[in-house]
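Just so you know, residue 1 is the first one in the sequence shown, and it goes up from there. Just so it is clear, the structure is predicted and the values come from calculations on it, not from any experiment.
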Amino acid sequence: MLIDFFYTLRAAKLPVSVKEFLTLLEALQKQVVGPGSEACSLDDFYFLSRLTLVKDEKHYDKFDRAFGAYFKGVDMLTDFTKNVPLDWLEKILQKELTPEQKAAIEKMGWDELMETLKKRLEEQKERHEGGNKWIGTGGTSPFGNSGYNPQGVRIGGKGGNKSAVKVWDQRAYQDYDDTQELGTRNIKVALRRLRRFAREGSAEELDLPDTIRATAANAGYLDIKMVPERHNNVKVLLLMDVGGTMDEHIARVEEMFSAAKAEFKHLEFYYFHNCVYDFMWRNNKRRFAEKFATWDILRKYNKDYKLIFIGDATMSPYEIVQPGGSVEYNNEEAGAEWIQRLTHAFPKYAWINPEPQGVWQYRQSISIIQQLVSNRMYPMTLKGLEDAMRMLSK
């Protein structure tokens, strides 16, 4: 229950860390509230959780709303009659489903799901809201949006549970800005662990030791010696997930993209959505008009390129293991096949994941991707980047 509470606070955009959540659990275990025979009341838990999880009083009002929305029986801490966020209501609906109802929803496999959707489109004549059969909103039907179904087809609307196996919606993605100025130099410092310097180009840098030797040998007359400038000669192929759940991580990915372009002279990049399939692109506004076949990318770059994936690996497992599993089109081969081809073609590879490492174990798709990349998945933290660069430089 408390894990769902933690995710509710995060969904409410509260800056709650895993470490702070563990502090709350430790306080409960040591009976900081409700010691001895006394039971911990909801009020006691409210004040303890606010103390451990909220570090700035400007977030108190947001915390109160999230707390009240999660615990239905709580006294109304604030006015919830206005502007109740939809994602909180969806969380409440999800909790109200019985295990039997969830199990019944999850029984429907891929083929049956798509065949049933075809029949619904032929039979349905009007708009529906709620319910468990027709295409609509706010229900448990496998088709529609803003409800709960762990293996459904989202039609329009906004994703919530990040588990749709297909998305029927026209979406526009935004290119990551490679001119984004970093707020810190730490990401650049971490990337510098992946270095192999070589002197190349025209002579434009003073070679001080050679100049001193030449001047001394020339009876003291100045003899200036120049050498080509040293550059990081590492070659990097950067593949970046864009759109959907990655919208939550745009700022951090832009920082890393900017740092990578500054650090690596030989950098090539492409975009994909959720999982790599038979094509990628370099301009999101023209992603359907200017496609780059993945086979061509595999042939174009040599195995001396370091392959770096950036993505949250958060999607329906069907998108990875099932032909036709892409949420946007019917791909002939499973995404897993393309990931294996890429990792085989480029032996030095790593996957950088901007999702907090604490949630990886709860996402089936992340577990699958971890296996496909031989557990070379690293969190987008300074330590994670350093570990990834150290591994790639071996």
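Summarising the geometry, atom OG1 belonging to Thr215 is positioned 4.5 Å from atom CG belonging to Leu222; distances are rounded to the nearest 0.5 Å.
Between Pro356 and Arg10 the shortest side-chain heavy-atom distance falls below 4.5 Å. Residues Phe309 and Val276 form a side-chain contact, since some pair of their non-hydrogen atoms from C-beta on lies under 4.5 Å apart. Contact of the Thr52 side chain with the Glu20 side chain is not registered, since no non-hydrogen atoms from C-beta on lie closer than 4.5 Å. At a threshold of 4.5 Å between non-hydrogen side-chain atoms, the residues Tyr46 and Asp64 count as touching. Between Tyr7 and Val359 there is a side-chain heavy-atom pair separated by less than 4.5 Å. Put simply, the side chain of Leu238 reaches to within 4.5 Å of the side chain of Phe257, judged on heavy atoms. Counting only heavy atoms from C-beta outward, the side chains of Phe279 and Asp296 never approach each other to under 4.5 Å.
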>> For a side-chain contact (heavy atoms from CB on, under 4.5 Å) check, start with the C-alpha distance between Val236 and Leu392, then their side-chain angles and the critical distance, and finish with the verdict.
In response: CA-CA 10 Å; Val236 175; Leu392 290 172; over 6 Å; no
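A salt bridge links Arg363 to Glu355: one of the charged nitrogens lies within less than 4.0 Å of a carboxylate oxygen. Using a cut-off of 4.0 Å between Lys/Arg side-chain N and Asp/Glu carboxylate O, Glu333 and Arg341 are scored as salt-bridged. Salt bridge Glu248/Lys13: absent, no basic N to carboxylate O contact under 4.0 Å.
Note: Tyr271 and Phe269 have perpendicular aromatic rings, judged against thresholds of 30 and 60 degrees for the angle between ring planes. Using a 30° and 60° split on the angle between ring planes, Phe45 and Phe5 fall in the tilted class, from 30° to 60°.
Using a 3.5 Å distance cut-off with no hydrogens or angles, the side chains of Glu319 and Asn274 do pair a donor with an acceptor.
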